[in-house]
Every structure is written in C-alpha cells, then in structure tokens.
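First up is the structure itself, then whatever we jot down about it.
In the text below, chain A, chain B and the rest are named by the order of the sequence lines, each starting its count at 1. Only this structure's heavy atoms are used, side chains among them; waters, hydrogens and symmetry mates stay out. Note that the coordinates shown come from a computational prediction; the quantities given were computed from them, not determined experimentally.
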Amino acid sequence: MLSKVKREAKELLLKALGDVEAEVTLEEPRQGYGDLASPVCFTLARQLKKPPAKIAEELASRIDVAGARFIKEVKALNGFINFYFNYEALAEALVEEILEKGEDYGKGEAKGEKIILEHTSANPDGPLHIGHGRNAILGDALARILRFAGYEVTTQYYLNDMGKQLAVVVLGLRTLELDRAKKPDHAIAEVYVKANKMVEEREELQQELSSLMRAYEAGDERVVEEFKSAAEYCLQGITATLERLGISHDMITWESEFVRRGDVDEVVERLRSTKYAREDDVLYLDLEEFGIEKELVLRRSDGTYLYATRDIAHHLWKAKLGKLINVWGADHKLLAAQLSAALRILGEEEPEFIIYEFISLPSGRMSTRKGVFISLDELITEAVFRAYEEVAKRRGDASEEFKRSVAEKVGIAAVRFNIVKVSPEKAMVFRWEEALDFERQGGPFLQYAYARATRILEKESPPASFEVHELTDNERALVKLLAAFPEVVESSAKQRKPSMLASYLLELATAFHRFYMFDPVLKSEFKDFRLNLVNATRTVLGNAMKLLGMPVLERM
RNA sequence: GGACUCGUAGCCUAGCCUGGAUAGGGCGUCGGCCUUCUAAGCCGAAGAUCGCGGGUUCGAAUCCCGCCGAGUCCGCCA
C-alpha cells in the first residue's frame with residue numbers, strides 16, 4: 001500500500017518537473033517534515049544554477065494535488081519537497097486490504113525461484129550451544145521470510161558424519177557408558193569430552209581413531225552401523241531442541257553420501273584437469289588468482305580427501321536443486337571463499353553466504369570438545385523459568401496450566417528475538433544477566449502488544465463498515481507502519497536481513513502501545529474505525545512475528 | 001605478518017549496501033502516569049567529538065584512503 005502512495009508522489013513530482021530531467025528519489029523523513037520527502041532539488045541545483053530552496057518552492061507550487069488519492073498536501077522546506085498524506089483515504093483503503101488478505105497481507109508474488117537454505121549443520125558430537133542457536137534462529141527466520149516473500153525454500157541440515165568428532169564419539173562409545181537417562185545430545189557430549197581426553201592422553205588410541213575413520217569411509221558395515229546410530233542418537237536431541245524453538249529442516253544430508261556415491265572422485269578429477277591444479281605428493285588448487293593466498297588441498301598424500309573437497313562435491317550436487325544460500329559461522333569465511341573459487345573454476349554457480357560472527361562467553365570462546373559452552377537447552381530452560389516467575393508475579397491467580405504455557409511461549413520468543421534483532425556481523429558476548437533480562441523492547445513487548453489487541457477484540461468485534469474520522473497522530477503512525485509491511489518483507493528478504501523485520505516489529509509494537517495508551521477504543525466515538533484498526537494491527541503483528549518464528553499469545 | 005568483520009552515550013543496539021533537514025531505540029540513572037480496553041505498558045529529564053586523521057561532495061555515521069583498537073581465520077582438522 002505504501003508503494004502505491006510512493007508511486008503517486010513520484011508521478012506528481014515528475015509531472016511538475018515537466019521536461020526537466022532528474023532522478024526522483026523519495027525517502028521517509030524524520031518527524032515534522034511530512035510523510036515522504038524528496039531531495040531532488042539538491043541535484044537540480046547545479047543543473048539549473050539556482051539554490052535548492054528556490055527550486056523546491058517553484059516545484060512545490062507547480063504540484064497539483066487535486067487529482068491525487070493519497071497525497072493531500074505538498075510543501076517546500078529547506079530545499080526538500082515534503083509530501084503529506086491523506087491519512088483518512090489511506091486508512092480506509094489499508095484497513096480494508098489488511099482485513100481482506102489476513103494472513104496473506106504482506107505476502108510477495110511467487111518468484112518462481114527455488115532456494116536451498118543450509119543452516120544449523122552442527123556436528124553430531126553434542127547439543128547445540130548458543131552459537132549454533134544463532135545460526136539456527138537466523139536461518140529459520142530467513143527461511144520463513146523468503147517463503148513469505150515468494151521464494152520456494154527448502155531448508156537443509158548438512159550432517160558432518162565423516163569428521164574426527166563423530167569418530168571420537170564412536171570410539172568412546174565402545175568403552176564408555178552412555179547415560180540413557182540424559183537427553184541424547186547431552187549424553188553424547190559427555191562421551192565426546194571424555195573420549196577426547198583419552199585420545200589426547202593415549203597415543204595408541206590415535207591410531208585406532210584413524211583406522212576407524214578409514215573403515216567408515218570404506219563402508220565397513222559394522223562401523224557404518226556404529227557411526228549411524230551414534231549420529232542419529234545425537235540428532236534426536238538436537239532436533240528436539242530445534243523443535244521446541246519451532247525450527248525444522250526439510251532435509252538432512254549426510255556428508256558420507258558424497259564419498260560413497262563417487263561424487264567426490266568425480267569432482268576431484270574435474271578440478272585436476274584445470275590450470276589451477278598442482279600435484280606433488282598432495283593434490284591442491286592454487287587460488288592466488290582469486291585473492292586467496294592459502295592453497296586448497298584436495299587430496300592428502302595418503303590419498304584421502306578432506307572436508308573441503310567433500311563440500312565441493314556436496315555443493316555441486318545441491319546446486320542442481322536450486323539457488324544456494326548457506327548460513328555459516330565467521331570461522332568458515334576462508335572455507336567459503338575457497339569453496340566459491342573452486343566452484344567458479346568449474347563454471348558452477350557459487351552459493352551465497354550469510355556469515356554470522358561468534359557468540360563468546362566473557363571467559364572466551366566456547367568449545368564442545370572441552371565441554372566449555374552454554375547449551376541452547378540451558379538458555380531456553382532459564383528463559384522459560386524466568387518467564388514463569390514473571391507470569392506468576394503478574395497473574396498469580398491464573399491456572400498452573402496457563403502460567404506454564406505462557407512462560408514457554410514468552411521464553412521462546414525472548415530467546416529468538418534477542419538473537420534475531422542484532423545484525424549477524426556483530427560479535428556477541430553472552431552474559432546471563434543480559435540474556436534473561438526481558439528488556440522493554442524484546443520478545444515479550446511484541447507479544448504483549450498482540451495480546452492487548454486481542455483482548456480488545458474479544459470484548460467487541462469490529463463492524464464490517466466504519467467511517468474514518470480525522471486521525472490522531474498515534475493512529476497516523478500506526479497506519480503508516482501497517483502500510484509499509486509488504487515493503488519491509490520484500491527488502492528484508494532481498495537483503496537477507498531478518499533484523500530489518502525485527503526493527504520493524506519494534507516500531508509497530510511501540511506505535512500500538514502508544515495508541516493504546518492515548519486513544520481509547522471501546523469508549524471512543526470512533527469505536528467502529530478503531531476496532532478495525534486494532535484488528536488490522538493485530539493481523540500484521542501476527543504475520544510479522546510468525547516470520548521470526550515467535551509464538552503469539554492471546555493473553556499473557 | 002596477511003585476509004575478512006566490527007568500532008555509534010556508563011553498557012547494548014538501529015541506521016551504513018542505495019550520502020540529505022535536529023543520529024532512532026533499549027538497559028542503567030532521575031522524575032511522573034493504574035476509579036478508564038491487562039503498567040510485560042506510557043510520558044518526561046540527563047547522557048553521543050557516530051574510534052582517530054585525511055579525501056570526495058552543495059551535503060558524510062553512511063562512499064574512498066591511511067592509522068588505531070577488538071574479534072575471526074590463515075592444519076595434508078572438520
């Protein structure tokens with residue numbers, strides 16, 4: 001809807017410009033300068049050899065607003081052209097559109113493009129820690145946004161089953177007891193940490209580890225069974241955690257598939273015949289031409305392949321399924337560059353990478369191997385517990401079931417929102433006080449706005465017809481934000497930035513809370529319109545929260 | 001040492017890609033608002049050399065260059 005208004009403003013400007021050539025841009029000005037602004041006169045100033053303010057005034061006086069539907073007034077100020085909306089017309093058309101489209105309001109046209117979105121992909125050697133959580137939450141939000149924007153998205157978990165980590169777990173399971181009472185991924189981590197120590201301390205185990213890995217690569221039936229059951233057991237725990245957060249994957253791809261199917265041999269042969277290949281006792285690619293100093297080793301002197309080699313084969317395979325997007329941690333930047341270069345050499349399409357920086361502890365980096373990490377389970381549990389205390393304090397008289405259910409949803413929303421609202425390129429330091437401090441503008445703040453809207457509508461449902469009065473400032477702010485939602489979805493998808501949607505949600509919820517404070521609905525003479533506005537706001541809040549995977553609450 | 005990312009009030013953060021009018025928020029601090037649709041809310045105050053220096057531009061937090069500081073990576077690991 002906002003795009004319609006922008007188009008109208010642009011047309012008015014172009015018409016007033018006549019045959020003067022200029023690139024007309026529109027921006028959203030700060031408060032007090034109208035609803036849309038164009039700085040076009042600044043670029044024209046040199047061309048016309050006149051001060052911008054003068055041009056703006058002439059231009060503004062030439063704009064005829066009479067035939068416009070959503071623009072009411074145009075003013076020149078400080079060299080800018082400022083447009084003022086006809087909020088009454090806009091509100092009427094907008095509210096009708098939102099109520100008609102409902103859950104589909106903001107949805108983009110089908111783009112006819114398939115996307116394979118890889119995210120989470122943690123090694124099956126223990127539970128997800130909060131760093132993996134950033135990956136999963138970011139990836140899942142992105143998947144939801146892309147789908148809503150009109151892309152056909154398949155989410156993928158790439159399971160790294162050929163690494164040393166899983167082999168250490170398997171080795172450990174041969175002698176150590178698996179604690180079946182524990183959540184599977186946590187039990188596996190316990191074995192992993194112990195086994196790692198053993199391997200470090202006893203040399204003969206390192207031999208055993210290598211032969212175990214070779215046996216797995218060769219497809220030794222008994223060993224394959226051991227690896228598979230260990231990985232699957234761990235995965236049970238991991239998917240349980242993800243499920244609690246509302247995250248799922250459409251497909252899980254096992255790394256070992258590419259080796260056994262011969263995909264890796266094939267891709268190595270292809271790369272070997274290019275001019276970038278070098279071969280002495282090892283086979284590697286010289287990637288200097290791509291600005292990468294570090295050579296990429298494809299095959300060791302003992303003839304085995306490396307993780308990166310297998311990943312090239314993996315990407316070649318999945319590129320056939322659609323456009324590729326990978327959510328990877330910052331530690332994989334070099335690998336991402338090397339992988340891209342290798343694919344470029346082969347003339348294949350390169351994946352797009354969403355790189356996120358690390359979440360570290362005040363004491364430093366997390367490490368599953370050392371057992372130094374905060375698991376996502378811990379974080380969720382603590383957040384839900386904290387939420388429970390809050391509900392108990394505020395709704396002490398409510399049923400136990402109500403308190404538990406609200407606490408779960410508030411906790412999940414808080415965890416997801418806290419992570420998704422900050423840009424991925426920002427490194428985070430995890431502190432419990434901060435993670436559990438339900439900040440004023442966090443997940444619960446959004447859920448509360450939704451619940452407030454719901455409670456009003458429970459008391460009285462919005463009538464089908466309504467008259468629009470002259471809007472208050474709070475109503476205008478709300479209308480403008482609601483109108484912008486489809487554009488926010490579109491650019492959030494295009495820029496692959498869920499955090500944009502998070503910022504939008506905060507603005508929308510803030511606008512609604514303010515409206516709620518100052519503009520009574522049920523006791524208003526404009527009740528009919530306001531009920532509809534509340535309904536529209538609730539719809540958009542719900543749609544937007546769904547895109548971030550946040551549960552909504554009817555009451556809290 | 002090299003490559004990449006980040007640097008915005010005491011703390012956290014938006015804006016940076018695509019340059020525009022007084023740099024948005026939040027936490028914390030101080031002061032207000034529940035006889036009115038749930039105060040997980042709202043209003044107000046104080047708090048910013050947008051790391052530093054230069055350049056481009058009518059105009060720079062935003063683009064370019066240099067420097068400083070932090071993080072990450074630089075295995076025949078995954």
Can you tell me if Tyr276(A) and Glu289(A) form a side-chain donor-acceptor pair at under 3.5 Å? yes
When both hydrogen-bonding distances must be under 3.5 Å and the geometry is Watson-Crick or G-U wobble, what is A46(B) paired with, if anything? none
Side-chain donor or acceptor of Asp302(A) under 3.5 Å from a matching atom on the base of C76(B)? no
Can you check the distance between A9(B) and G53(B), where both ends of the measurement are the P atom (answer in whole Å)? 15 Å
When the P atoms of G15(B) and U62(B) are considered, how many whole Å apart are they? 15 Å
If only side-chain N and O atoms of Arg440(A) are considered, is one of them under 4.0 Å from the OP1 or OP2 phosphate oxygen of C42(B)? yes
Work out how far the C1' atom of G69(B) is from that of G32(B), and round it to whole angstrom. 42 Å
Taking only N and O in the side chain of Ser423(A), is any of them less than 4.0 Å away from OP1 or OP2 of G15(B)? yes
Record whether the side chain of Asp125(A) comes under 3.5 Å of the base of A78(B) through a donor-acceptor pair of N or O atoms. no
Is it the case that U72(B) (base atoms only) and Tyr356(A) (side chain only) share a donor and an acceptor within less than 3.5 Å, ignoring hydrogens and angles? no
In whole Å, measure the gap between the C1' atoms of G24(B) and G71(B) for me. 27 Å
By a strict heavy-atom criterion of less than 4.0 Å, which residues belonging to residues 289-301 of chain A are in contact with RNA chain B? Lys294(A), Val297(A), Arg300(A), Ser301(A)
Measure from the ring center of His119(A) to the ring center of Tyr157(A) and say whether it is less than 6.0 Å. no
Taking the same atom, C1', in G26(B) and in C74(B), what whole-Å distance lies between them? 38 Å
Would you tell me whether Arg538(A) and Tyr450(A) have side-chain atoms, one donor and one acceptor, within less than 3.5 Å of each other? yes
Whom does G41(B) pair with, Watson-Crick or G-U wobble, provided both distances fall under 3.5 Å? C33(B)
Considering only the P atoms, how many Å lie between G66(B) and C30(B), rounded to the nearest integer? 47 Å
Indicate whether the side chain of His332(A) and that of Gln338(A) have a donor and an acceptor atom separated by less than 3.5 Å. no
State plainly whether the residues Glu118(A) and Lys318(A) are in salt-bridge range, i.e. N to O under 4.0 Å. yes
Derivation and outcome, side-chain hydrogen bond (donor to acceptor under 3.5 Å, both in side chains), residues Asn160(A) and Tyr307(A): CA-CA 9 Å; Asn160(A) 176 213; Tyr307(A) 175 82; 5.4 Å; no
Under 5.5 Å between ring centres and under 30° between planes: true for Phe80(A) and the base of A21(B)? yes
Take atom P in C4(B) and the same atom in G44(B), then report the distance between them in whole Å. 45 Å
Provide the distance between the two P atoms, one in C50(B) and one in G7(B), to the nearest whole Å. 14 Å
Would C12(B) be called syn or anti, given that syn covers angles within 90° of 0? anti
Pair Thr472(A), Asn474(A) - check side-chain hydrogen bond (donor to acceptor under 3.5 Å, both in side chains), show working. CA-CA 5 Å; Thr472(A) 64; Asn474(A) 293 319; 5.0 Å; no
Does C67(B) have a Watson-Crick or wobble partner in any strand here, with both distances under 3.5 angstrom, and which is it? G51(B)
Taking ring-ring contact (aromatic ring centres under 6.0 Å, His included) as the test, write out the residues that go with Phe430(A), two or more places apart. Trp432(A)
Report the residue (Gln495(A) or Asp437(A)) whose heavy-atom-nearest nucleotide on RNA chain B is the more 5′ of the two. Gln495(A)
Are Lys494(A) and C17(B) close enough that a side-chain N or O sits under 4.0 Å from OP1 or OP2? no
Which residue lies toward the 5' end of RNA chain B, Leu506(A) or Met428(A), if each is placed at its nearest nucleotide? Met428(A)
